[in-house]
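Below: one structure, written as structure tokens.
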Amino acid sequence: MMKQSAVAIILTLFVASGWAQPLDMPAQLDAQVRSVVDEMAEIGKAAGEALVHQYEEIVVEPQQELEAAVEQVESRRLESPECVAAEDEEINRIVNAAHEDLHSCGAVAAHTSAEIASDVNAATQQLVFGGYNLGRTYNKCNSYKNSVLKQTCMAKFYVQATVYLVSARSSIKTIRKSTSERIPAVFADGNVCTHSASSQAVLGLQEVNSHIDACVSRRR
């Protein structure tokens with residue numbers, strides 16, 4: 001489930017990256033609009049890559065540590081089946097508790113990551129749709145045959161374009177600051193949570209191993 005969430009994060013952030021069609025407006029303005037959308041898309045790409053990389057460290061690494069510790073205990077079952085069997089209840093308790101903690105920590109990290117992805121994607125889509133709205137306004141202005149109406153419409157169009165570009169730059173600045181703060185925070189909280197859970201489980205399984213050692217010694 002959490003791996004699917006991680007995949008969903010990266011897909012969500014690339015939804016708006018397909019900006020390719022030229023807008024029907026003056027070339028200079030088209031370039032400016034394209035620039036702000038591309039910049040936001042790059043923020044989304046970087047955020048997606050960072051979140052997926054963090055997922056690996058937050059969820060996968062602790063899980064692998066736990067699995068390695070369990071395998072170490074299980075590898076002794078062939079040589080000392082009775083001694084290992086005597087610890088089965090404790091092994092199951094440790095592993096089940098660790099899985100619950102890892103799932104809980106990972107779910108929180110995945111949820112927060114999805115919120116970040118959603119925010120970046122929404123901001124990108126807003127810029128895309130705003131750009132297309134500018135294009136529609138420009139077409140509307142050009143459709144007027146009356147020169148006065150056309151001139152008035154174009155004046156409104158350039159005001160709209162100015163507002164759009166100022167707002168877009170503000171949005172980019174806000175999203176960039178937000179992701180630079182929120183993504184490391186997700187990692188800091190999630191990483192401590194999951195690695196603490198796996199470390200506790202590993203220590204518990206090491207103690208189980210010592211009990212198995214004692215059992216084997218008594219049977220010799």
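Side-chain atoms are counted along with the backbone in the values below, which use heavy atoms only and exclude waters and symmetry mates.
With hydrogens and angles disregarded, a donor-acceptor distance shorter than 3.5 Å links the side chain of Ser210 to the backbone of Glu207. Using a distance-only test at 3.5 Å, with no hydrogens or angles considered, a donor-acceptor pair links the side chain of Ser75 to the main chain of Gln72. Between the side chain of Ser167 and the backbone N or O of Val163 there is no donor-acceptor pair closer than 3.5 Å. Under the 3.5 Å distance criterion, the side-chain polar atoms of Ser217 are matched with a main-chain donor or acceptor of Asp213. Of the possible polar contacts, one joining the Thr174 side chain to the Ser170 backbone as a donor-acceptor pair under 3.5 Å is found. Between the side chain of Gln54 and the main chain of Ile183, a donor-acceptor pair closer than 3.5 Å is present. Here the side chain of Thr112 pairs no donor or acceptor atom with the backbone of Ala109 at under 3.5 angstrom. With Thr124 contributing its side chain and Val120 its backbone, the two residues share a donor-acceptor pair below 3.5 Å. In this structure, the side chain of Ser80 does not engage the main chain of Arg77 through any donor-acceptor pair within 3.5 Å. Without hydrogens or angle criteria, Asn96 side chain to Asn92 main chain gives a donor-acceptor distance under 3.5 Å.
Between Met40 and Gln126, every side-chain heavy-atom pair lies at or beyond the 4.5 Å cut-off. A 4.5 Å side-chain heavy-atom check between Tyr158 and Cys141 finds every atom pair outside the cut-off. Between Arg76 and Val216 there is a side-chain heavy-atom pair separated by less than 4.5 Å.
Both Val60 and Val186 are members of a single hydrophobic cluster when ILVMFWY side chains are connected at heavy-atom separations under 4.5 Å. Following chains of ILVMFWY side-chain contacts shorter than 4.5 Å, one can reach Ile172 starting from Leu165, so the two form part of one hydrophobic cluster. At a threshold of 4.5 Å between side-chain heavy atoms, the hydrophobic network of Ile, Leu, Val, Met, Phe, Trp and Tyr places Val108 and Leu51 in two separate groups. A single hydrophobic cluster is seen to contain both Val84 and Val95, as judged by linkage of ILVMFWY side chains at heavy-atom distances under 4.5 Å, directly or through other members. Residues Val202 and Ile94 fall into different hydrophobic clusters, defined by Ile, Leu, Val, Met, Phe, Trp and Tyr side chains chained together at heavy-atom separations under 4.5 Å.
Atoms CD and CG, on Glu61 and Leu66 in that order, are 14.0 Å from each other to the nearest 0.5 Å. One finds the CD atom of Glu65 at 6.0 Å from the OG atom of Ser199 (value rounded to the nearest 0.5 Å). For the atom pair OG (Ser180) and CD1 (Ile43), the distance works out to 10.0 Å, reported to the nearest 0.5 Å. The line from CD of Glu90 to CG of Asp88 is 11.0 Å long, rounded to the nearest 0.5 Å. Atom CZ of Phe157 sits about 9.0 Å away from atom OG1 of Thr162, to the nearest 0.5 Å.
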**Request:** Would you sort out whether Glu67 and Gln63 count as a side chain to side chain donor-acceptor pair (under 3.5 Å), showing the intermediate values?
**Result:** CA-CA 6 Å; Glu67 289 172 357; Gln63 181 65 36; 3.3 Å; yes
**Request:** Go through the steps to decide whether Gln206 and Leu203 satisfy the test side-chain contact (heavy atoms from CB on, under 4.5 Å), and finish with yes or no.
**Result:** CA-CA 5 Å; Gln206 287 175 348; Leu203 288 175; 3.5 Å; yes
**Request:** Might you work through the side-chain contact (heavy atoms from CB on, under 4.5 Å) test for Leu205 and Asn209, ending with a clear yes or no?
**Result:** CA-CA 6 Å; Leu205 291 171; Asn209 254 326; 5.9 Å; no
**Message:** Could you walk me through whether Tyr138 and Asp30 satisfy the side-chain contact (heavy atoms from CB on, under 4.5 Å) test, starting with their C-alpha distance in whole Å, then the side-chain angles of each, then the deciding distance to 0.1 Å, before giving a yes or no?
**Reply:** CA-CA 11 Å; Tyr138 185 73; Asp30 174 80; over 6 Å; no
**Prompt:** Please walk me through it: do Arg182 and Glu115 pass side-chain contact (heavy atoms from CB on, under 4.5 Å)?
**Reply:** CA-CA 10 Å; Arg182 293 169 69 192; Glu115 288 182 340; 3.9 Å; yes
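Nearest heavy-atom pair across Leu102 and Pro62 is CD2-CB, 3.8 Å. Of all the heavy atoms in Tyr164 and Leu127, the pair that sits closest is OH-O, 2.7 Å. Considering every non-hydrogen atom in both Ala161 and Leu29, the closest pair reads CB-CD2, 3.7 Å. Here the closest heavy-atom approach between residue Ile175 and residue Ala123 is recorded as CG1-CB, 3.8 Å. Minimum interatomic distance between Val128 and Val37 (heavy atoms only, all atoms of both residues): CG2-CG1, 3.7 Å.
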Could you list the donor-acceptor pairs under 3.5 angstrom formed by side chains in residues 143-153, with sequence neighbours left out?
unit_1	atom_1	unit_2	atom_2	d
Ser143	OG	Lys140	O	2.5
Asn146	OD1	Val148	N	2.9
Asn146	OD1	Leu149	N	3.1
Thr152	OG1	Val148	O	2.9

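More than 12 non-hydrogen atoms from other residues, nucleotides or ligands lie less than 6.0 angstrom from NE2 of His99. Remark: Glu79 CD is packed, more than 12 non-hydrogen atoms of other residues, nucleotides or ligands lying under 6.0 Å away. No more than 12 heavy atoms of other residues, nucleotides or ligands sit less than 6.0 Å from atom CD of Glu89. In Gln200, the CD atom is not crowded: 12 or fewer heavy atoms of neighbouring residues, nucleotides or ligands sit closer than 6.0 Å.
Glu39 has a carboxylate O that lies under 4.0 Å from a charged side-chain N of Arg169, or vice versa, which qualifies the two as a salt bridge.
A donor-acceptor contact closer than 3.5 angstrom links the side chains of Glu57 and His53.
Scanning for side chain to side chain donor-acceptor pair (under 3.5 Å) contacts around Asp189 gives an empty result, with sequence neighbours left out.
Listed by first then second residue, pairs satisfying disulfide bond (SG atoms under 2.5 Å apart) with a partner in residues 191-220 read Cys83-Cys215, Cys105-Cys193, not counting sequence neighbours.
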